[in-house]
Structures are given as C-alpha cells and as structure tokens.
Amino acid sequence: MFSRPLSRVLIGGFARRSLTSQARNNSGRQQYQWSRARWNFGRAKSTGVAATVALSGGIAFVLHASNAPSDKKLATSSKVDYNEVRKSIAALLDDNNFDDGSYGPLLVRLGWHASGTYSHIDSTGGSNGGCMRFQPESDWGANKGLHLARQRLESVYHKYPGLTYADLYTLAAVVAIEEMGGPKIKWRPGRCDHPDGKKSPPDGRLPDAAQGAQHIRDIFYRMGFTDQEIVALVGAHSLGRCHTDRSGFEGPWTFAPTTFSNEYFRLLLEEKWQIRRWKGPKQYEDVKTKTLMMLPADMALIEDPEFRKYVVQYAKDGDTFAKDFAAAFEKLLELGVDFKTTDGNNKSLWSRIFG
C-alpha cells in the first residue's frame, strides 16, 4: 500500500497463485511449494463496518459521507448482472505474458488507489466518481502503470451497459483478491462516474514507502482507520512485487506473490533482514536468499510496538488476518460513497454507522 517518496508510486502489483517451499501503537528463491489451491481461511463472513472512530493524541476521527450533489446517485441499474461481471473480471486475470502470470495484483492496486485518497476532514477523494481515468489523477506518480489495469478492464465496462467505472475498479480488486485465495469481501454497487477529473483530490494522499510509523498513521488516520485496520490492510503485501519502473523498488515480499496468505507477517518477523546494497532507493533483503524484499514502511510495522502486536497476531493466526482484512478492505472501498437505492433499503456507510 505504499509509494516511494518522490514518485509516490504504490508498490508493485499484488500477485499470483502458487507457492513453493522446503524451508521454512494498534492495530531462498529457495524452494517453497504451495499448491494452487486457495488458502483455507474459512472465508469468514464480514461483520460489517469496523470501528467508527479512531483516536490519536486525543483527537477523534469520524467518517463522513460525501455531501456532493453528484454523489447522490441511485444504485446502478438492476439490469447489470454483477455475478456475470465477476466472471468476466476473473476471466481476465491469468496471463502468462504479464508479470507473475496474473493481472490480479495490479487490479488490487487499482482498487486500492482509487479508494485510498479519501479524507474524512473534507469528505473528498475515495472511489466514487472513477476519477482515476482522468487527469490529474491518471498522471500521478503513485498511479504509474495503472493504465494497464484500466485498459484490461475496458472490455468488461463496455460489455455491461449501466456498469460504472467506479464500481468496476473496486469490484475488480475484490474479485482479484478472492481469486488469489483471499477472503470473501462484501461489495455492493452504487458508485457514480464523474464526467471529468475536477473532483480529484490533491496529489500526495497515498502512503510513502520510505517513511516510518508516524507517516503511516497520518495517512491512514486521515481515512479513519485504526492501528489494527492499518496492519490488516498492509497485509496485502503478501501479494505482488515492486517494480523499478513504477515505484523504484524491486522484488516480492513473499515466495508466493500471487497467493493471499499471512506469509508477509510471518516472514517479516522470522526472517533476518539487511539493507540491500544497490543503486535504487533504500529497501531491505532477506539475509538467507536475498530474493525477498521489505520496505522501510514494512519494517516500521515491527519497530513500532503498537503495530507489532498485530503483526505477531496475524503471523500466528491466518484466519483472523483474513477476517480483519476483509472488513478493512470493504471499508476502504466504501469511503466517501453515499449509497442510494430506489427502495431505500441499501443504506449508506454513514447511515449504517449512525442510523
């Protein structure tokens, strides 16, 4: 979930489906062999919206629903068969000629970046509007390479009249996570598409991979997340790898960059890490194989005592991680969206919190 300091690019993609092995304050390539079978996380049901208020330094952060008139859009037409949309997205994931053989990681990054710009302070940003397809958002350093994801999804958008880009980008991330063995994530339609990029928030709202714990909290508290939710969301680094042509960093976090698991946390704690000697920005490599990498922001999760306790918890309990991740990711994708339906039964995030 982190971008490099100058280009502000979110790290690499998020990944594919196999793993091979013979070795083993809140919130090498040795042979590792896991099958293509999905991680058995029990796919626990999400329990709805997590904490409504995150406290830091005595300041309460409360989520706000967007008040922009154009955001008050009725839910996407019922003629859109979202089960079919899901199937169409899933059919686009595998590609042996792309990255680790899957577009899945890139689609997760797309959904994350489309949503992670939200600010509770002024109710700007977030997934509503699908503004990433326009300038200035499309040209941000943090979104470098995401045009490939948007292009990949274009055929799906045109196949289903009534489908919005904003819904498509977020649903694509959900489908990618689930297809890579992750938990079932609650998702619903209702995001509108803005006609241009005038409502895009200012650049600089996505995390900087070179920074430490305080920066991480500043970024995520702005969206309304707790320390536990922050660690859960960063656990998506179990997927994907960094690319020098996007973030400047290089390498995967785990030996199975296309399988959703709690390996990121286990490796972060159990492997020995050293600063990599290379011409790129500061990053860490595992001492044993020198094939894995961690970012300064990753290391901050075990250096900060409040973050570390959740890293320890998730390293030990993959089911709990999967459940907490699903709830936090649902929340991320809904920030700033005031869902409306013709019958009034599909309540907005704001309504679900405050009634």
Side-chain angles (χ1 to χ4, degrees), residues 1-24 28-34 95-110 112-113 141-146 148-149 176 180 206-212 216 233-303 311 315:
M1 303 308 118
F2 298 99
S3 54
R4 70 173 299 187
L6 295 180
S7 62
R8 298 187 183 277
V9 179
L10 180 70
I11 305 311
F14 279 72
R16 186 173 160 71
R17 276 170 239 199
S18 60
L19 168 53
T20 81
S21 151
Q22 270 180 14
R24 297 257 226 231
R29 208 169 254 177
Q30 277 186 332
Q31 301 180 343
Y32 273 69
Q33 187 103 49
W34 288 14
D95 186 337
N96 291 330
N97 295 316
F98 184 79
D99 221 5
D100 290 294
S102 174
Y103 274 86
L106 192 65
L107 297 186
V108 176
R109 181 180 168 224
L110 176 68
W112 207 104
H113 277 219
N143 290 333
K144 189 174 182 180
L146 287 177
L148 299 174
M180 290 187 288
L206 295 170
D208 181 341
Q211 301 300 316
I216 295 171
L233 285 172
V234 178
H237 283 178
S238 65
L239 302 168
R241 62 174 61 241
C242 296
H243 302 75
T244 55
D245 63 337
R246 299 175 193 173
S247 65
F249 300 101
E250 180 182 63
W253 288 270
T254 76
F255 293 107
T258 54
T259 298
F260 185 97
S261 73
N262 63 343
E263 279 292 278
Y264 165 75
F265 298 113
R266 188 187 69 78
L267 292 166
L268 189 55
L269 288 172
E270 296 180 8
E271 294 296 320
K272 291 183 179 180
W273 301 94
Q274 64 187 13
I275 295 176
R276 179 183 178 183
R277 295 183 178 180
W278 74 315
K279 296 181 180 180
K282 181 180 178 180
Q283 67 176 68
Y284 295 79
E285 64 184 4
D286 69 301
V287 174
K288 186 185 299 182
T289 73
K290 296 181 174 58
T291 60
L292 299 180
M293 71 97 209
M294 289 290 170
L295 306 165
D298 295 314
M299 302 306 291
L301 297 187
I302 57 175
E303 294 166 352
V311 173

Treating [X] as the side-chain partner and [Y] as the backbone partner, does any N or O pair qualify as donor plus acceptor under 3.5 Å?
X	Y	result
H113	A142	yes
D286	L292	yes
D99	G101	no

(request) Show the numbers, then the answer: is there a salt bridge (Lys or Arg N to Asp or Glu O under 4.0 Å) between R276 and E250? (result) CA-CA 11 Å; R276 179 183 178 183; E250 180 182 63; 2.9 Å; yes
(request) Let me see the working for L206 and N143 under side-chain contact (heavy atoms from CB on, under 4.5 Å), right down to the final yes or no. (result) CA-CA 10 Å; L206 295 170; N143 290 333; 4.2 Å; yes
(message) Using the rule given for side-chain hydrogen bond (donor to acceptor under 3.5 Å, both in side chains), can you reason through D298 versus W253, listing the C-alpha separation, both sets of side-chain angles and the distance that settles it, and then say yes or no?
(response) CA-CA 10 Å; D298 295 314; W253 288 270; 2.8 Å; yes
(request) Start with the C-alpha distance between F249 and T244, add both sets of side-chain angles, then the distance that settles side-chain contact (heavy atoms from CB on, under 4.5 Å), and finish with yes or no. (result) CA-CA 5 Å; F249 300 101; T244 55; over 6 Å; no
(message) Y284: which residues meet the ring pair (Phe, Tyr, Trp, His ring centres under 6.0 Å) condition with it, sequence neighbours left out?
(response)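 By the ring pair (Phe, Tyr, Trp, His ring centres under 6.0 Å) rule, Y284 matches no residue at all.
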(request) List for me each residue that meets ring pair (Phe, Tyr, Trp, His ring centres under 6.0 Å) alongside F265, sequence neighbours excluded, and say none if there are none. (result)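 With sequence neighbours excluded, F265 shows a ring pair (Phe, Tyr, Trp, His ring centres under 6.0 Å) to Y314, F321, given in chain and number order.
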(message) I'd like to know whether K282 forms a side-chain contact (heavy atoms from CB on, under 4.5 Å) with L295, so could you lay out the CA-CA distance, the side-chain angles of the two residues, the decisive distance to 0.1 Å, and finally the verdict.
(response) CA-CA 8 Å; K282 181 180 178 180; L295 306 165; over 6 Å; no
(message) Against the six-membered ring of W112, is R109 placed for a cation-pi contact (under 6.0 Å from the centre, within 45° of the normal)?
(response)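 Not flagged: R109 not positioned over aromatic ring of W112.
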(request) Measure the NZ-NE2 distance between K144 and H243 for me, rounded to the nearest 0.5 Å. (result)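 Reported value, rounded in 0.5 Å steps: 12.0 Å.
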Any heavy-atom pair between the side chains of [Y] and [X] that's under 4.5 Å?
X	Y	answer
T254	L267	yes
C242	M293	yes
H237	L301	no
L268	M294	yes

(request) Test side-chain contact (heavy atoms from CB on, under 4.5 Å) on E271 and K288 and set out the steps. (result) CA-CA 8 Å; E271 294 296 320; K288 186 185 299 182; 4.1 Å; yes
(request) Could you go through the salt bridge (Lys or Arg N to Asp or Glu O under 4.0 Å) check for D100 and R241 one step at a time? (result) CA-CA 9 Å; D100 290 294; R241 62 174 61 241; 2.8 Å; yes
(request) Taking side-chain contact (heavy atoms from CB on, under 4.5 Å) as the test, write out the residues that go with L269, two or more places apart. (result)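 With neighbours one apart ignored, the set is I302, R308, V311, V312, A315.
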Can you name the closest pair of heavy atoms from [X] and [Y] and give their distance?
X	Y	answer
P296	A210	CB-O, 3.8 Å
A297	I216	O-CD1, 3.6 Å
Y264	G235	CD2-CA, 3.9 Å
L106	A149	CD2-N, 3.6 Å
A176	G104	CB-O, 3.5 Å

(message) Run the side-chain hydrogen bond (donor to acceptor under 3.5 Å, both in side chains) test against Y103 and tell me which residues pass, sequence neighbours left out.
(response)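 Applying side-chain hydrogen bond (donor to acceptor under 3.5 Å, both in side chains) to Y103 gives none.
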(request) For E285, check salt bridge (Lys or Arg N to Asp or Glu O under 4.0 Å) against everything at least two apart and list the hits. (result)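 Residues passing salt bridge (Lys or Arg N to Asp or Glu O under 4.0 Å) with E285: none at all.
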